[in-house]
Amino acid sequence: MRITVECHVEETSRVQQVRGIFDLPASATSAVSWDVELPLSERPWSIGLLVGPSGCGKSTIARHLWPDAVPGPQPGWPATRSLLDGFPPEVPIKDLVELLASVGFSSPPAWLRPFHVLSTGQQFRVTLAWLLAAALPGRTIVYDEFTSVVDRTVARVGSAALAKTVRRRGQRFVAVTCHEDVEEWLQPDWVYRPAERQFTWRLLQRRPPIELSLFRCRHTAWVAFAAHHYLSGHLVRGAACFLATWKGQPVAFSAWLPFVGRGPPGRREHRTVTLPDYQGVGIGNSVSAAVASMWKALGYRATSTTTHPAMIAARCRSPLWRMHRRPSLCRSVEKKLRRLRHATTRLTAGFTYVGPALDREEAKALHG
């Protein structure tokens, strides 16, 4: 395909002076052309990447190749209502909750706020969810200036969360960006660089590893995470607390309490929170499982009760957890312990850790 863009040039005095200085030929129009060859019909694909420096024609090529694409980056968000009301009305609330969580925006209290009061990183995640929700079957989503308004940590983690969601939903997404660092996190099926006229099919590889360090910490570390928990910011002061860091930065917090009730000695998950910039790539689940494996090595039964749909779905898929109580309200026997254990007004599910135990010496050192 040959793509040509041209515009009229009005001959003003300044235009004539610049022509004279740089010996530019007189012309009534200015035109730029690109010869583009993208063999996208050769194989099925889900995610594409148009990447290169500013001015190389990325946006123009995308508009010509996908003229009926779902555009990014933002719809018209209501100024006074919650961001939930900005999504297409035909999207069921269950699907909307799952979609927001899948792109790494797992904070129900923040869902109730208007779009314009969210942080830039949160707005980026919500916009991704809106594009995926608004796309009709068979329509490609094209996001121009992808990740340009967020810091690079949010860009990388958000790209990984998006890629997982797009492939699971069977949709098509094209990212248009000048940032090369998203490629290994987005894992696109193809990459086109207009500046070099270079197209490559990409073999899917594992995204870069996220290596976490896990420490026992004081309960005061909870201050940085309290506002992001989907239930409340309350933390039992006697909880055993653990902090996970990535490249020296705090990313997740997990607190555990003694198990109250029948059965063998145990520990139950009290609070586990991942900071918003790092949500969507499984950090919270990894931290939770790591602490549970420590309790198992120390001779305790590790259990967890959750109401978050995304967490329930993740636990059901994981071989490390077994559901011992299906989503339900607490039973009458449990009502006496409802302040400590289960809610009476929302569905919760109970899980038991059945994965491998941590090395006992490592467990003792982590328990500290």
Side-chain angles (χ1 to χ4, degrees), residues 1-7 31-75 103-104 120-121 123-125 127-136 138-205 207-208 280:
M1 176 184 292
R2 184 170 182 82
I3 300 173
T4 301
V5 178
E6 64 179 14
C7 63
V32 182
S33 297
W34 296 269
D35 291 313
V36 181
E37 185 176 354
L38 302 184
L40 301 183
S41 61
E42 290 183 356
R43 24 175 126 166
W45 60 274
S46 297
I47 299 175
L49 177 64
L50 278 167
V51 62
S54 298
C56 69
K58 304 183 301 294
S59 302
T60 302
I61 292 171
R63 284 195 299 269
H64 279 75
L65 291 177
W66 297 281
D68 62 342
V70 179
Q74 293 192 21
V103 297
T120 303
Q123 290 181 350
F124 170 67
R125 305 291 187 108
T127 299
L128 292 177
W130 184 91
L131 290 171
L132 295 175
L136 297 175
R139 288 190 65 185
T140 301
I141 303 165
V142 177
Y143 195 135
D144 200 0
E145 299 296 338
F146 180 70
T147 74
S148 292
V149 297
V150 294
D151 68 62
R152 303 326 299 160
T153 296
V154 175
R156 298 183 185 106
V157 175
S159 296
L162 170 71
K164 181 173 60 176
T165 305
V166 169
R167 291 191 168 96
R168 178 176 55 80
R169 290 170 60 89
Q171 294 181 284
R172 277 188 172 182
F173 185 94
V174 177
V176 183
T177 182
C178 60
H179 297 285
E180 295 275 357
D181 61 344
V182 302
E183 181 178 344
E184 58 183 353
W185 294 84
L186 191 63
Q187 291 293 311
D189 300 297
W190 57 263
V191 181
Y192 182 64
R193 291 178 167 81
E196 297 95 29
R197 297 183 182 178
Q198 181 185 60
F199 175 89
T200 55
W201 288 107
R202 180 178 175 86
L203 295 176
L204 295 184
Q205 304 171 4
R207 62 164 168 77

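Note that the numbering runs from 1 along the sequence shown for the chain.
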For the student: nearest non-hydrogen atoms of [X] and [Y], plus distance:
X	Y	value
Thr153	Asp151	N-OD1, 2.9 Å
Ala163	Leu186	CB-O, 3.2 Å
Pro39	Trp201	O-CZ2, 3.1 Å
Gly104	Ala161	N-CB, 4.4 Å
Pro53	Cys56	O-SG, 3.1 Å
Ala129	Val103	CB-CG2, 4.0 Å

As an exercise, state the distance from [atom1] of [X] to [atom2] of [Y], rounded to the nearest 0.5 Å.
X	Y	atom1	atom2	result
Asp189	Thr200	CG	OG1	11.0 Å
Thr177	Asp144	OG1	CG	9.0 Å
Glu183	Leu49	CD	CG	6.0 Å
Leu50	Tyr143	CG	OH	15.5 Å
Ile3	Asp35	CD1	CG	9.0 Å
Leu162	Gln187	CG	CD	12.5 Å

Under a 3.5 Å distance rule, please check whether [X] uses its side chain to pair with a backbone N or O of [Y] as donor and acceptor.
X	Y	answer
Gln171	Ser46	no
Lys58	Pro194	no
Lys164	Ser159	no

Practice problem: Sequence neighbours left out, what passes salt bridge (Lys or Arg N to Asp or Glu O under 4.0 Å) with Glu184? Give chain and number order. | Solution: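 None.
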Quiz item: Are Thr147 and Phe124 close enough, and set up right, to give a side-chain contact (heavy atoms from CB on, under 4.5 Å), and what steps lead you there?
Solution: CA-CA 8 Å; Thr147 74; Phe124 170 67; 3.8 Å; yes
Quiz item: Should the pair Phe173 and Phe146 be assigned to parallel (<30°), tilted (30 to 60°) or perpendicular (>60°) ring geometry?
Solution: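 Rings of Phe173 and Phe146: perpendicular, over 60°.
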Quiz item: So Tyr192 and Phe199, would you call those rings parallel, tilted or perpendicular, with 30° and 60° as cut-offs?
Solution: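 Ring orientation, 0 to 90° scale: tilted.
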Quiz prompt | Those residues that, when tested against Thr165, pass side-chain hydrogen bond (donor to acceptor under 3.5 Å, both in side chains) (two or more places apart) | solution =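 Expected list: Ser102.
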Exercise. Mind checking side-chain hydrogen bond (donor to acceptor under 3.5 Å, both in side chains) for Arg207 and listing every partner two or more places apart, or none if nothing turns up?
Key: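 None.
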Quiz item: For Glu145, what residues pass the side-chain contact (heavy atoms from CB on, under 4.5 Å) criterion, not counting sequence neighbours?
Solution: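 Expected list: Ser148.
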Self-check item: side-chain contact (heavy atoms from CB on, under 4.5 Å) partners for Thr120, two or more places apart
Solution: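 For Thr120, the residues satisfying side-chain contact (heavy atoms from CB on, under 4.5 Å) (neighbours in sequence not counted) are Val149, Val150.
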Quiz item: How would you list all residue pairs meeting salt bridge (charged side-chain N to carboxylate O under 4.0 Å, His left out) that involve residues 168-181, not counting sequence neighbours?
Solution: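 Only Glu98-Arg168, Arg152-Asp181, Arg156-Asp181, Glu180-Arg193 qualify under salt bridge (charged side-chain N to carboxylate O under 4.0 Å, His left out).
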Quiz item: Going through the checks in order, is the side-chain contact (heavy atoms from CB on, under 4.5 Å) test met by Val51 and His179?
Solution: CA-CA 7 Å; Val51 62; His179 297 285; over 6 Å; no
Quiz item: Is Glu37 atom CD crowded by more than 12 heavy atoms from other residues, nucleotides or ligands, each under 6.0 Å away?
Solution: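 Not buried by this count: 12 neighbours or fewer within 6.0 Å.
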Quiz prompt | Verdict with supporting geometry, Arg63 and Val176, side-chain contact (heavy atoms from CB on, under 4.5 Å) | solution = CA-CA 11 Å; Arg63 284 195 299 269; Val176 183; over 6 Å; no
Quiz item: Yes or no on side-chain contact (heavy atoms from CB on, under 4.5 Å) for Val174 and Trp45, after CA distance, side-chain angles and deciding distance?
Solution: CA-CA 10 Å; Val174 177; Trp45 60 274; 3.8 Å; yes
